[in-house]
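Structure, as structure tokens:
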Amino acid sequence: LVIITIWVYSKQAIGIWIGVHTTANLIELAVLLALFWYSAWFGTKLNALLDVVNDSSKSFKRKKIFKPFKQLFCQAGKVRELQVEEAMLKKYVTPHLLNAYLTGLRTHLLDEQEVFFSIANKKMAARLKNKHHEIAPYLKALKRKDITSYLEKKITRIKKLINQGALQTEQVHELRKRLKILCYNRKSLCENKQNKLSLKKDALPALLGKWHDLQVILGHLQKITDTGSINAKELIQIEKIKNKISAESGILISRINKAIVKSEFFEASNVQAICAK
């Protein structure tokens, strides 16, 4: 797939004009990396770049193109969330205090990994590989003005959101999604090295990512406690962990609101300052 080619090859890329003759090999590499990392990361980046193509072409059928990938990357996301939860719980409490729950969580994780590998087979790899023929013409048709116009729209939407004042939970969720797409596409499509360096210094994306992970874990713990399937002793520990996570989430919201005003994403007055030609 040409789109995954760009993401795998982005450090060597100059703009978006990459020769498609390397597509097949890089697609295979991307699939192998996805298999190894259970990577929802690929799905997010792929979806972000599809967003650029979709914005520039009325005939591009984004949902149809992404459909074969969706099941794979959604399953990868499930595995990642369970991995994050397992690691986070061990941070908040001594493992022996949640022995039964962590054992169940590990079993659940292994089950989801098995589902992932059942999906990510040779048949799926071939299906994904064949998609590059559909995408290549649209990708090759992209012009620098299309990219500039796209980024301007995305930046404007983010500015409108943050100018509403201190953000609440739902607004933070929306900001995270918008900023993630913008951030991924800037890294892939912008050539300016100083611009890419500034991305690394910006604290906002990392804070939003940490906050989101806490929300996912908190939501899962709430569902588990609602079922009443946890023994009384471990339920006490789970409730303590939920309180700690809620408190940490509140602190992160405060830090996010402070980071917004310092973020480089919102200091530039035009897209040329954000993505130099």
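What you see is a predicted model, and the numbers here were worked out from it, not measured in a lab. Side chains included, hydrogens not; waters and symmetry mates left out as well; all remaining heavy atoms used.
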What verdict does the side chain to side chain contact (heavy atoms under 4.5 Å, CB included) test give for Ile147 and Asn185, after you've listed the backbone C-alpha separation in whole Å, the side-chain angles of each residue and the deciding distance to 0.1 Å?
CA-CA 9 Å; Ile147 305 252; Asn185 282 329; over 6 Å; no
Pair Lys63-Asn54, side chain to side chain contact (heavy atoms under 4.5 Å, CB included): steps then yes or no:
CA-CA 10 Å; Lys63 290 184 178 180; Asn54 191 65; over 6 Å; no
Criterion side chain to side chain contact (heavy atoms under 4.5 Å, CB included) on Ile260 and Asn257, from CA distance to verdict
CA-CA 5 Å; Ile260 283 173; Asn257 279 310; 4.1 Å; yes
Using the side chain to side chain contact (heavy atoms under 4.5 Å, CB included) rule, take Lys244 and Val93 through it: C-alpha gap first, then chi angles, then the decisive distance, then the call.
CA-CA 10 Å; Lys244 289 179 181 179; Val93 68; over 6 Å; no
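Residues Phe117 and Phe73 share a single hydrophobic cluster, defined by chaining ILVMFWY side chains whose heavy atoms lie under 4.5 Å apart. Both Val115 and Val79 are assigned to one and the same hydrophobic cluster, defined by single-linkage of ILVMFWY side chains at heavy-atom distances under 4.5 Å. Leu110 and Leu105 sit in two unconnected hydrophobic clusters of ILVMFWY residues. Membership requires side-chain heavy atoms under 4.5 Å apart, directly or through other members. Linking Ile, Leu, Val, Met, Phe, Trp and Tyr residues whenever their side-chain heavy atoms come within less than 4.5 Å leaves Val216 and Ile241 in two separate clusters.
The backbone N or O of Val53 lies less than 3.5 Å from no partner atom in the side chain of Ser57, so there is not a single donor-acceptor pair. For the pair Arg176 (side chain) and His212 (backbone), a donor-acceptor distance under 3.5 Å is absent. A donor-acceptor pair under 3.5 Å is absent between the side-chain atoms of Ser254 and the main chain of Gly250, judged by distance alone. The closest donor-acceptor contact from the side chain of Glu234 to the backbone of Asn99 lies under 3.5 Å. A donor-acceptor contact shorter than 3.5 Å links the side chain of Thr227 to the backbone of Ile224.
Side-chain N/O atoms of Asn243 and Glu239 include no donor and acceptor closer than 3.5 Å. For the residue pair His220 / Glu81, no side-chain donor-acceptor distance below 3.5 Å is found, with atom types taken as modelled.
The structure places OG of Ser59 at 3.5 Å from OH of Tyr138, a figure rounded to the nearest 0.5 Å. Of the inter-residue distances, the one linking Glu112 atom CD with Leu82 atom CG reads 6.0 Å to the nearest 0.5 angstrom. Between the CG atom of Asp213 and the CG atom of Leu208 there is a distance of 11.0 Å, given to the nearest 0.5 Å.
Within 6.0 Å of atom CD in Glu174, more than 12 heavy atoms from other residues, nucleotides or ligands are found, so the atom counts as buried in its surroundings. Within a 6.0 Å radius of CZ in Arg62, more than 12 heavy atoms belonging to other residues, nucleotides or ligands are found. Within 6.0 Å of NZ on Lys242 lie more than 12 heavy atoms contributed by other residues, nucleotides or ligands. Other residues, nucleotides and ligands contribute only 12 or fewer heavy atoms inside 6.0 Å of the CD atom of Gln71.
By the 4.0 Å N-to-carboxylate-O rule, Lys154 lies close enough to Asp51 to be salt-bridged with it.
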